[in-house]
Each structure stands twice: as structure tokens, then as C-alpha cells.
Amino acid sequence: MDALILQLLNGMDKGAAYALIALGLTLIFGTLGVVNFAHGALFMIGAFCAVTMQRILNLSATIIDETQTDFLGNPLKVEVPYVQSWFGEVTGAAIQDWAVPLSILLVIPVMLLVGWAMERGLIKHFYKRPHADQILVTFGLAIVIGEIIKAFYGANPIQTPSPAALTGSIDLGVAIGFEPNTVIYSIWRIVYFFFAALIIAGVFAFLQFTTFGMVVRAGMADRETVGMLGIDIDKRFTVMFGIAACVAGLAGMMYAPILSPHYNLGMDFLVLSFVVVVVGGMGSLPGAVLAGFVLGIVQSLSSMNEVKAIIPGIDQIIIYLVAIIILLTRPRGLMGRKGVMEE
Amino acid sequence: MLGLNSRDLRLFVIVCALCLLAPILLNPFPVASSLGESFNAGYPALMQRFVIFGLLVIGFNILFGLTGYLSFGHAAFLGVGSFAAVWMFKLLSYNIVPAIILSVIVAGLFSVVIGYIALRRSGIYFSILTLAFAQMMYSIAYSDLVGKMFGTIVTNGETGLQVYNDDPQFLMGEGAPTVPHLFGLEMNSAFTWKVGGWEFIFQNGYYLSALFMILGFYLSIRIFRSPFGMMLRAIKSNQTRMSYTGLDTKPYMLAAFVISGMYAGLAGGLLAAMDPLTGAERMFWTASGEIVVMAILGGVGTLLGPVFGAGVIKYLENIVSKINSDILHSWFAFMPEWMENLVVNILYPFVGKGWHLTLGLLFMAVVIFLPGGLMQLGEKILALFGRKKKSDDAKTGATEPAE
Amino acid sequence: MGILEVKGVNKRFGGLQALGDVNLSVAENTVHAIIGPNGAGKSTLLNVLVGKLIPDSGSVMFDGQSVLGRKPHEINQMGISRVFQTPEIFADLSVFENVMIPCFAKRDGAFRMHAIESTHHEKDIAEQAMAILEDVNMADKRDMIASSMSRGDKRRLEMAMCLVQDPRLLLLDEPTAGMARADTENTIQLLKDIRTKRGITMAIIEHDMNVVFSLAERITVLAQGTPLVEDVPEKIKGHPKVREAYLGEAQV
């Protein structure tokens, strides 16, 4: 029972990441009608923003400390991070420690910029092209982004720790009446889950309660009519793309402490999140979120030793299996509408 | 002749001639020259890849080019074919005949099952389903899940599958070659012809692969020109009309899918016959992506496109990833030093290990500017010359009466 | 006993009775029109006839065999061809290929793996295709790509594709919808020619009275999902119930 709960919880943060990427993919697909194979790359850019923030905060000046000497008796050279010399040692160190959450300051402008550049520079020209062309060109872009990241950050995963206060784990089992040390759960994963829930709620609230969101939803339901009403749908779509990019970027940024960012991260998540979107039902936002959590949890449950003892390695293929079964039994996905993406 | 019309026959003869003469055509520079080191491509290992991947993309084109169904998991069939072939080496002998036959059969069986399921959906759903199947098969192969289930080795996981000395090889005769061979004709033995500074290598393995590609190319011409091929193009054009015309689209699609899967299996079997080892990475989805790139670059739905697409990508891959900063410096040594460094620094990220960056950019450029691929580019250039000729004619025509 | 017998067909969509107890009999070798105001259930009926919708109750028999639950290609192989409201043709293929495909379907059935034979060697198929193109005056356009033709020509091509199969019943779904007057007249003429030359049984679903009265030999008037009257055109024109259904609607 306790193991089951632990795996359920483990599935939540992974599911949250899937849900966030799938949400962005669906937004882009629903509004712009574009199948964006580069969406995983946006997630990765977010993660690398966290890496960059960490590096910026660790930039140091070399100063000579007259009070200390090295073993030859010369004055000791020490590296003092700029933030520490500007804000004082304690505050500076705290800022460095909180690099990952702080990178939100970097992620939002970067993602808006990248999203804007991508939509205006590339995607715009593909609205009227076949879906196969959209897939291909964004797939090419995903390769390019991955390679650029590799050129700047190398091929190895980069450790990006979460703030010390949020590192470590807590014993959740005790809180719900189990023996101590049965359900230990990492604090950052809990943070991630709530963060994702917040963003998902934010996106839904935005679409539900603002005029802008209403137009976008109308556009998702019937693009041509809304276009004919004289609403400048194009401009809104650009903004929508920026928002979707931000969602992916934030998801990636917060995921950096859970999975050290590397240049293939985008590709790894892309395939899975596409499966998530298709399972949820192309063009359905609640479907994307639901499918993200369902698949995350299913994957986590199947990695239990009890399950693996029966079918070894099932955790690696379960998502695809579930996807295939769902697509065959419910051809439009869990919550898909008729007529979407059926050429 | 051969049941082809004169235009197709010309194409076919050109491809045959190119394959036959490739060892000479691809080695235009003396071996020792710096141009030769950088740009010669007449090595058996590379030429094998040209024709084997050409074969693979010819098969892929029968599916994607004719029916418009974009499979994003075709590398899985290639991988399955390779595994089947290596197992034949392990169990029977190094003779490639059973290996190649089994690789085609196994890939065919897999594509029947996967095709039957994936073809229940169309459009992007079909692409994702094929991708999901391929990724699943990759995961199974990479962790050798089937092997673990039965407590034995099937794909040998991360290490990859190869032939060991203690493998049974039941049909291995006394003194039979210990490398892949065709009834004694060793695949890796070659004849080298030296002329002046030039060196041309004619290898058995290459010619065998080339023969298979030529056969595959011939079959694809026949399919393109057959009623079956016409039906596939009709499916791409209008499925509603197709079914209201009394035609069942399902078996047509499945047949196309299985044929192209078997081409991929054959290509996989040939890869193993050239080098008797394989691994799961051959099935990874980026490998499937590469097949799509080759098809698009060459020109989807054309006969020659796939052959060129595969050739150009494999050539560039080989050439570009060989270039290092020393070579770049030697190329631009004629410039002032600051300019040389600048140019080298700009180009450096795109060569050597940066090959994938170049590939990605190339891919985007082709999709954006040349949706018809190299074949379309060729036509455009031809049309340009044609128009020039015509306008010249018009000019002379206009001036003549004045004389 | 007609070639197409519709008996007691009912179809509900939620609370809406789309078809209520429809009985219809199309006699062999006649042109039978089904007319009715908007929302009368014409399209629903057509979808039932081609197997796209399965009625809640009732039967649809073609030449003694039920068409219900059959796939479109099976229904075509039984001998029913369909012309759509907007021409459905193979837009990327040449006109000649467009008419060859139905010839193959007629000769070889729903599927045949003829992947090695060359299309060019199919002399009799080519002859059939050429003959029908001449019949519809399109022989000079045989090498054009279908999508580049005018709407009228596309309609003509679609007819040719259906006729070349020698169907026992030709279903026409508003064949002149959205056409200009001249195109409409041409289409009527084409259908009349086909009728006199080939004597094919036709069922036309139509809105345009002009088309109906110049072609049909029998007319069924559908209103609110039920057949109101069925008779020869002369009697339909002055029929009070029809006036009520049509004009009553028009005056509101």
C-alpha cells in the first residue's frame, strides 16, 4: 500500500511535466493548427535558462586576499562571486542558492522572445502547408536547437541543484498514518507538482475569464469564423505561441533539479509528450492535462518491482502500449473532438 | 525493354551505370592529395552505405511518396532486419543467403502487425502511432526485454549483437570463411586498381548491395507504373472517392506498408551482411527521422529522388564530419590571418561533431525552400536553361527577319 | 418491385426524428427524384442509402440484398455509384487516370495486387476510359491534372467516373448545387444524354425544381422526415400538400 502511494506520488511530478508540455502543444495546435515537433526543445531551453542563471550567479572576480596566504607565503587569490560582493556574503550566497527559482526572471523574457521569433520567423509560413511539412520543419528546428545547446553547454548533463531549503525529502507517510520511513518524498518534487498545478490553473483561468482567452477559445473551436469577424487572429496567435513557449520553458526550468539538463532532453520529452497529446485527444486542453497525469502515474506504477517481476522492463514501454491501446479503442483520444486532424 | 518505357529505361540504365562505376566516379582525386583526403568517397564502407540507404529510402518512398502516409518509425524495420540477419550468422553460418531471406521475412511480419494497427488511423495519428511502435521496439531491443523475459539473449541490450566463437553455427563447414560470404565469395574482399596516384577499390560487398539496390529500384519503377501504384496515388489524393469507387483502401495501404517495411528489412539485412554486428541504436527515432530527411531532400514521390537523397546525406555526413579545424585553416590560409580565424570560427560549429547542426539546417532549408527536394531543384535548373534557350531562339527569331 | 426498396426506415438524432417511416421504391430504368424543403431529411436518407448511417429500424434493399452496415466500397461493388454535391475526384491525378481507376475497380473488385504489370499494357481498360471521355466530350483533356479544371468539368469528370462502371443505380446528391445557370443547364443536358444513351436508373436528391422537373419520371416529396407524396411530375406540380410544404415554408 505504502509503495503504491509512493509510486503514485512519483508519477505526479512526471505527469505534471508531461501535462505542461502537452498543454503548450495543444494550445499551439488548437489555435494555430500547427504540429510543433520543436516543443520539446522549448522545454529544454527553459531548463538551460536555469543552468545559465546558475552560471551567471556564480560569475566571480578574482581578488587577492591580503589576510590569507597560500603555502608559499604569497597572498591568497580567492574567487568572489559578484553577487556576494554586491549584496554581501550572506544575501549573495542565498541568491546563488535560489538560482533555479530565480531563473524565472530569465525564462519568461527568453521564452517570449524565442516564441515570438519562432512564430514570426518560421511557423507563420507553415499555417497553410500540410501537417507533414509542419512536422518536418519543426523536427529540423528541434535538431538545430539541440545542437546549438550542445555547442554551448557540451554533451554532458549539468547538475542544477534546487535551493537547499527545498532539497531533501520529508516523510509523508507519517502524516497520513503510516509507519515512519515508508513514504519518503522529495520536497522539490512536491514543489514541482504545486508549481505545475498553479500554471495549469493559470492557463485555464486566462482562457476562461479574459476576453483574449475567449477569442482564443473561439478560435480553437472555429478558426475561420473568428477570422471573418474581423478579429486580428494572427496577432493573438503570436501571443498564444509566446504563452505556450513560456509554459514549456517554465516546466523545463523547474524540472532541471529533478533531471539534469542535457542537449537531448528536448527530444526525449517530445516523443512522450506527443504521445500524451494524442492520447488526451488532439486539440483538447483538459484531455492533455488528464492524459499527462494518467500516463505519468501509469509509468510510475509499472516501475514497481512487483510489476517488473512479472514483465521485466514494462515501465519503459508502458506509455507506448497504453497509447496504442487507447488510440485503437478510442480513436480520437480520451477527450478528442470529431474532425480534428483527420485529413 | 524490361517492361519499361524509354524514359524509365533511361533512368534505370543511368542508375545501373552509376552503381557500376561508383568506385571510379567517387574517387576523382589522387589518394594522397588533400582534396582526395577530404572529398573522395569511393571507399567500400561508404559506398555500401550509399546503396543500402538508397534501397531503404526507395522503399520508404513507396509508402510516403505514393500514399502520403508519413511513417516516423521506419528505422524499426531496418533494425529488426539487422537482428534477424545476425542471428542467422550466429545459428547457421556466415553465408548471407539465409540471413538476408530471414531479415526480409521478419521485417515483413513486423510490418504486417504494425501496419494493421497503425493504418486504422490516418494523418498525424498514423505518424505518432508508427513513432510509438518504433520507440517501443527500440526500448525492448535496448534493454533486451524479450531476452530478460525468457532468461536468454535476444538483442543483447546496450552491448549489441554480434557473432562469438562459441556460437553454434550449425551449418558452418570446415574451412568456411569466418566473415560474411556468398557461397564462399567473401563480402569484404576487394580488388584494388592503382593508376598513377589514383586508387580504385572494387569490393564484393559493395557490388552485392548495389545489385540489391538496382533490383529494388527496378521493382519500384514497376510499382510506380502499375495499377497498384496508381491506386496508392489515388489514396493520397482522395480516399472518399476511392471507397465510393468500389475500392477497399485498407489492403492497398497495408500492402504498401509491408512492401516498404520489407525493403527496410532487406536494407537492415544487408547492413549486417557487410558488418556482422548490430545494436538497438539503429532503431532509434532519430534514425527514422534521417530516413525522412533523405526522402524529402531527394524529392518525395519521384523515382530517382530517394537514391540521390540517401547518397547526398551519407556523403555529406562522411565529408562534413571528417573536417576539423586544421583542415579549415588550410583551406582559408590564403586570407589575412584575422579573416582566416574569423571564417574558421564561423564555420567550425558546423563541421566535425557539428554535422547534426548542418543536417538540421539543411533539413529546414529543404522543407522551406524546396518542398520537392533535389529533383525539383534539378527541374527548376533545367527549366531555367530551357527558358534561356527559348528566349535566345526568340531573339534570333526576332532579329532574323530584320536582316 | 423496384431495384431499390426502402421500407419503414426510422432514424432519430437525440430528440430529433430525422427520418420517420420512410418507404420508397425506385423502379429499374427510371429517374426518381427525391425533393423536399431544407431539413426534410434528404441528406440523412442519402447517407442511409450509401451505408454511412445505419437507421434505427427498417430495411434498405438493393436488388434483393440489404445495403445496411456495408462499407461504401461494398455498396459500390453491388452496383451503386454516387455523385457528390461538390465533385469528389482524384485532384492530383490526370483526367485519364481518374477514369481508369473506376474501370479497374469494376474489373478487378475491391482489391487486387497488380503491382508489377504496367498500366500501359491494360489496353481494354484504356479503351473503356477513352470511350467514356469521348462520351462526355473530355477526350481532349485526358492529360490535364484534374484539379486544374473548371467546376463544370470536374462534375462532368465525376459523372464519367461513375458511368464507366455501368452502375445499376446512380445516386446524385444535388448535382447542380452552387452552379451557375449555364453550368446547370449543361449538367441537365449531360444527364439527359446519359439517360437516353445508357438507360441507367438514377435517384436524384435535389433542391432545384428546374432540374427535377426536366429529368425525373417519378418524384417523392419528403417533408419533416416522411414522404408526403410520390407521383409523376405533372401531378406533383399542382399537389396541394407539396405547395403547402414548399410555399408554406417560403411565405414564412
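Below, read A as the first sequence line, B as the second, and so on, with proteins coming before strands; counting in each chain starts at 1.
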What is the distance from atom [atom1] of [X] to atom [atom2] of [Y], rounded to the nearest 0.5 Å?
{"X": "B:Ser226", "Y": "C:Met113", "atom1": "OG", "atom2": "CE", "result": "7.5 Å"}
{"X": "B:Asp248", "Y": "C:Lys71", "atom1": "CG", "atom2": "NZ", "result": "6.5 Å"}
{"X": "B:Ser237", "Y": "C:Asn98", "atom1": "OG", "atom2": "CG", "result": "7.0 Å"}
{"X": "C:Ser118", "Y": "B:Ile221", "atom1": "OG", "atom2": "CD1", "result": "11.5 Å"}
{"X": "C:Phe111", "Y": "B:Phe228", "atom1": "CZ", "atom2": "CZ", "result": "6.0 Å"}

With a 4.5 Å heavy-atom cut-off, do [X] and [Y] have their side chains touching?
{"X": "B:Thr240", "Y": "C:Phe84", "answer": "yes"}
{"X": "B:Met230", "Y": "C:Met100", "answer": "yes"}
{"X": "B:Asn238", "Y": "C:Leu93", "answer": "no"}
{"X": "B:Leu247", "Y": "C:His73", "answer": "no"}
{"X": "C:Phe90", "Y": "B:Met242", "answer": "yes"}

Contacting region of B:Ala255 [heavy-atom separation from chain C under 4.5 Å]
side chain

In terms of heavy-atom proximity below 4.5 Å to chain C, should B:Ile259 be classed as side chain, backbone, both, or neither?
side chain

Any ion pair linking B:Arg233 and C:Glu97 (charged N to carboxylate O, less than 4.0 Å)?
yes

Per-residue contact mode, C:Glu74 against chain B (heavy atom under 4.5 angstrom)
neither

Side chain, backbone, both or neither: which part of C:Ile125 has a heavy atom under 4.5 Å from chain B?
neither

Side-chain donor/acceptor of B:Ser243 to backbone N/O of C:Pro72, under 3.5 Å:
no

Determine the option with the most heavy-atom pairs under 4.5 angstrom with chain C, choosing from B:Gly229, B:Gly246, B:Ala234.
B:Gly246

C:Met161 vs B:Arg241, test: side chain to side chain contact (heavy atoms under 4.5 Å, CB included). Steps then yes/no.
CA-CA 10 Å; C:Met161 291 164 71; B:Arg241 181 32 90 196; 3.8 Å; yes

